[in-house]
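Reminder, nothing fancy here: chain letters follow the sequence lines and each chain counts from 1.
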Amino acid sequence: MSRIKYRQALRDALREEMLRDERVFCIGEGIGERGGSYKVTDGLIGEFGPGRVIDTPLSEAGFVGLGVGAAIAGSRPVVELLFIDFLLLAMDQVVNQAAKYRFMSGGQGHVPLVIRTQGGAGNSLAAQHSQSLEAMFVQVPGLKVVMPSTPADAKGLLKAAIRDDDPVVFIEHKLLYMTEGDVPDEESVVPLGVADVKRPGDDVTLVAWSHMLTKCLTAAEELAAEGISVEVVDPRTLVPLDIATIVASVRRTGRLVVAQEAPRRGGVAGEIAAEVSERAWDALRGPVVRVAGRNTPIPFNLALEQASIPQIADIVATVRGVVGARTPVA
Amino acid sequence: MSRIKYRQALRDALREEMLRDERVFCIGEGIGERGGSYKVTDGLIGEFGPGRVIDTPLSEAGFVGLGVGAAIAGSRPVVELLFIDFLLLAMDQVVNQAAKYRFMSGGQGHVPLVIRTQGGAGNSLAAQHSQSLEAMFVQVPGLKVVMPSTPADAKGLLKAAIRDDDPVVFIEHKLLYMTEGDVPDEESVVPLGVADVKRPGDDVTLVAWSHMLTKCLTAAEELAAEGISVEVVDPRTLVPLDIATIVASVRRTGRLVVAQEAPRRGGVAGEIAAEVSERAWDALRGPVVRVAGRNTPIPFNLALEQASIPQIADIVATVRGVVGARTPVA
Amino acid sequence: MPDVDIDLLERMYTTARTIRRFEERAVEQYRVGNIRGYLHLYLGEEAIAVGAIAGLEPDDYIVSTHRGHGHALAKGHEPGPMMAELFGRATGYCGGRGGSMHVASGALRNLGANGIVAAGVPIAVGAAMAVRQRGGREVVVDFCSDGSSANGVWHEALNMASIWDLPVVFVLENNQFAVSTPISASARVARLSERAAAYGMPGITVDGNDAVAVHEAMREPIRRARAGEGPTLVECMTYRHGGHHVNDPGLYLPPDELQRWKAHDPVDVLRARLLASGVPAGRIAEIDASVEATIEEAVRFAEASPQPSVEDFLAEVSAL
Amino acid sequence: MPDVDIDLLERMYTTARTIRRFEERAVEQYRVGNIRGYLHLYLGEEAIAVGAIAGLEPDDYIVSTHRGHGHALAKGHEPGPMMAELFGRATGYCGGRGGSMHVASGALRNLGANGIVAAGVPIAVGAAMAVRQRGGREVVVDFCSDGSSANGVWHEALNMASIWDLPVVFVLENNQFAVSTPISASARVARLSERAAAYGMPGITVDGNDAVAVHEAMREPIRRARAGEGPTLVECMTYRHGGHHVNDPGLYLPPDELQRWKAHDPVDVLRARLLASGVPAGRIAEIDASVEATIEEAVRFAEASPQPSVEDFLAEVSAL
Ligand SMILES: Cc1ncc(C[n+]2csc(CCOP(=O)(O)OP(=O)(O)O)c2C)c(N)n1
Ligand SMILES: Cc1ncc(C[n+]2csc(CCOP(=O)(O)OP(=O)(O)O)c2C)c(N)n1
Ligand SMILES: [Mg+2]
Ligand SMILES: [Mg+2]
């Protein structure tokens, strides 16, 4: 085990996969000498050269499409989008091309493409650089969607994504790059579709992913002090979704809260709520409750930005409400 | 009242709004002399000229962006996308620009833009011309989403959309254009955000929109013969969603089925299920159940295409299962 | 007149004739209900696929369009499984899942037709990047259309291909219309090949109804691409013989213009070249008869082929 | 040297100096934590906004970019509410909701900065369409960047503006870098203005550090646009004085190149022109002092301004 940063874990995964398989290459804006906005590709151009670490023009649809074509023709591209907000420029290539190619070609072709990108609010980057757009990709048949919350998951899941034969949207969070965690020294590939119970508990199940997971762990800690035992489950990959682990937890606790940074309306929390309600109706002691972002573009001003996405206090209050307060609330 | 086709109702709405307000114009591919693929703009160029009925090059992002700019600068554009699948080429303009402009500008600016488009399966048009993508837009704060199921709603809602000061994604269905219905002769604007109970009933609430609504009405008829009384609610607009009408119905019936053509995963049915479960938990006699499309790109072959989206028999079977069969099932 | 090998000429004629008869029979099969959905016909444009692909090696790639039957047949797809795909049958190239707009074959290195205009262009550039990275010598021929050149991704893709000297040739099939919109209403340039200059790329325009002219024009672009010297834009002028798809009567096509182009029919041009090269009419009749038999066989194959299994499909789907 | 009205020259100098000092103070305010988020500086590029807007009428529109402070100030935005927006305060142009990347003003006809490169280009074309449809005579000036010209929507928008002869002028600010990527790595043309030919549009290149040269170069494009004769692409060559944004040291900028451009500073060029036109140094010092006071006042205004109300925000939101 080594204690490393999330961004370092991602870099290690890229490097190890590029060493292991010469079909892997990286392409994106400013990922070469500059090493990427968040330094995830730092130094890779020195090791692998400009033929495998490629700086592009500002042509998002074009270079995502390039990734699709390269993947079909035998490469294993890792395409970086600086912000998930910019992936909106390339939706045709993601949704109409990458996601459908295997199916439309009758299974002859496949698209081993990873789209690495970054989302979320928290740095006053305003409405066009702060979105949580995972639900847009979760709903598209043919795509996998990965959202790691820890350095170990980031590394292990990125490796799995690169080795996967289908297109994967791999979404990092801008507030996680500098967070640290233990990462195994030996090779460790985290399979797609396996949830991780990040904290065991008995009274209520709390599902969250990416940066919201870290807020939920803090909330669980606070709630423990009140005598509320929270089981925190991190699905890690939203597609495929390990619904079995979530349902098993809910069957024990009888209660489910799902927390997401994305706006409430149309988010993945609703999907999980609906799915669990159908599968574990008999075990539920009350409705699945969502803690989610407001239905608003993210504001620039810091206080407004914070008010627009769930904070630890919101999670604590919601869970408390669901469980029924054990200690008097001030 | 006159009995007219859905496509005629849309055309009448466009024509009347263009007569009423000279800021309204239409732009899209082949909408001029050709009158659009589904003949919705038939003859309008003759009446309003090529300055207000504009044929574009194949530049979807560009002409949606043009619509955004024209709307900000004082026009009221109705931009037509031949297929909703092609709107994926213009997602930046829809999501990052149109939806956020009012908010980002601190309320100074607004974007009275209507994007008229068409979705759904059923004509063997295969994976890139058959999608039901409403959930992509429902989740975006700042957009309104309208999906009429009848000629009267099509006309009244299109008028409301054009008069609305915010961007509206107006989604028609390729199988509805030739359907007929009664439409008021006098002007009738259907406000956004008001659901319509298309068939009253007592045993179970069935929510559906667009073409799925027509299947649900047939299913309800069949179920009536078995003694199951189904209330069919058409939200008509997914944003704003008239959740109150749906919840009121569920409070009476105690059961809810939501039917959608879109793939189950990440669809609007899940959102409605989650929302109703939170609001009417005490009234529900069982979980909200979804009837939805399979998690697959739409296949070309007719039998596979039909197998990939809910058919009337699927709705009937699901509702029967939810209510508990009243008559023996063969 | 360029000096062309008679064998090659015969092969080109056979292919052009095969595409022509394949589509004429497909129209007939559409009318009787064996084919559904969109069917975009290549009638009148056959010389482009034939001429552009004639100089390729089997390992070279093509990227096709929504009007892709000709590209696929010229690249070696068999008419039987092609027709079966149009019928939506299990024996089709995509097992009936794709249909006319999505024909593709990994083995034949056709990366696919596409229902989204221009979307194939960056895909072609990506394939060229994959070739470059593995040190391959294959070339990618990207078929694209006049309409596609107004689309953003066309611009982005041509620019990237140029700055990285990728081994791709862009074959722009300028049939002068996007559905009913004439190219003159969508572009203010006399020739679309002029747009190549915006990427520092050579651009040429050629008679797209003369397969030999197309073949000749492709020599240098293919050589350049294979030698790592970069991409070329080859605009091929042509015209549809009818509407945008099987159900569009195409009444907006100016009749005199249509007549002029029909009089310059790609199959006739090749036949005339064969005759001029001394190939006897009897030999041509033999070819025609054999094409006829092949296509008849293809139609019978498609008709006799099973529908895809719904159960298999549903089983696949749950895994998605 | 072109013959310029002294008043105009003084106004241009004042504006350039205002932009310069506004941003220098903004950097300082960023360092002390009053400004957060992205801050893309226009330092070194001021002459373009100044020269391009000097010939506009108040009703004309501009569309701005992520590097938009200069455009806004030149179009008449007041430094106080501008600074307040950068601070995220309630008194800012967007009530603190937008920040540096989203400054806009309906009243001043600035359709907005934009966080998405190239996204403003079709928006500008749309504004021009709105003007055309209401029979207006306003012109739209679209500021765009070298990086944006690689983006698909730039291509689509320029093409549409051209085929419809819309009243728009595309002012391409070529600062020769997109973040750290030199334009030479992204384009194979010597001048980006050559790309105008792909749309049958005039394209010119001008010294973007000389406001007078930009102003002169804009005359004919603005006249053409207003007369309904169509758009023009005006490429203005320039260079950033530092990194891509306030936190980027820009070490990748070749030092000699940077030095050469710094020696050709837009504010200095205007000052030299004033002196050469006989304006006394004392008058220039007066202008400088008044700019200084204005900006000091703007900073004080921003500092003293209230934060936006969270309650109001939450109330608005539920309506969305
Ligand atoms: C991005 C996109 N926009 C629109 C369409 C609908 N459409 C299909 S073919 C076509 C016309 C295409 O014209 P062109 O590109 O010249 O190709 P051609 O049909 O003439 O071969 C249109 C508008 C589409 N399939 N994809
Ligand atoms: C579509 C898009 N891609 C990427 C970015 C991230 N980004 C912001 S500015 C920038 C560089 C832009 O360079 P250029 O267009 O030349 O403008 P400049 O910053 O030089 O003024 C990049 C890559 C973005 N904001 N939008
Ligand atoms: Mg065409
Ligand atoms: Mg630049």
Side-chain angles (χ1 to χ4, degrees), chain C residues 116-123 125 144-166 168 170 172 174 176 178 181-203 205 224 228-233 235, chain D residues 116-123 125 144-166 168 170 172 174 176 178 181-203 205 224 228-233 235:
Chain C
I116 307 296
V117 172
V121 188
I123 291 176
V125 174
C144 61
S145 53
D146 50 296
S148 77
S149 79
N151 201 275
V153 86
W154 187 90
H155 171 74
E156 297 181 353
L158 267 75
N159 188 49
M160 291 191 298
S162 177
I163 60 176
W164 296 322
D165 289 323
L166 291 173
V168 51
F170 300 100
L172 192 159
N174 187 351
Q176 306 174 55
T181 306
I183 184 66
S184 58
S186 291
R188 278 266 171 98
V189 280
R191 295 171 179 278
L192 294 174
S193 59
E194 293 170 36
R195 291 192 165 158
Y199 316 110
M201 189 192 295
T205 299
R224 257 175 65 80
E229 294 170 24
T232 307
L233 175 61
E235 179 189 23
Chain D
I116 307 295
V117 172
V121 189
I123 291 176
V125 175
C144 60
S145 54
D146 51 296
S148 77
S149 79
N151 202 274
V153 86
W154 187 90
H155 171 74
E156 297 181 354
L158 267 74
N159 187 50
M160 290 190 299
S162 177
I163 60 175
W164 296 320
D165 289 324
L166 291 173
V168 52
F170 300 99
L172 193 159
N174 187 352
Q176 307 174 57
T181 305
I183 183 66
S184 59
S186 290
R188 278 268 170 97
V189 280
R191 294 171 180 278
L192 293 174
S193 60
E194 293 170 34
R195 291 192 164 157
Y199 317 109
M201 190 192 293
T205 298
R224 258 174 64 81
E229 295 169 23
T232 306
L233 174 60
E235 179 189 23

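By number of non-hydrogen pairs under 4.5 angstrom with chain D, the leading residue of C:Ala157, C:Ala187, C:Ala150 is C:Ala150. Contact count versus chain C (heavy atoms, under 4.5 Å) is highest, among D:Leu192, D:Val153, D:Asn151, for D:Asn151.
Within the 4.5 angstrom heavy-atom criterion, only backbone atoms of D:Ala185 (N, CA, C, O) approach chain C. Only the backbone of D:Ser149 has a heavy atom closer than 4.5 Å to any heavy atom of chain C. For C:Ala197, the part lying near chain D is the backbone, with the side chain staying farther off; criterion is any non-hydrogen pair under 4.5 Å.
Closest of all the heavy-atom pairs between C:Arg188 and D:Ile163 is NH2-O, 3.4 Å.
Within a 6.0 Å radius of CZ in C:Arg224, more than 12 heavy atoms belonging to other residues, nucleotides or ligands are found.
D:Asn159 places a side-chain N or O within 3.5 Å of a backbone atom of C:Ser186 that can act as its donor or acceptor partner.
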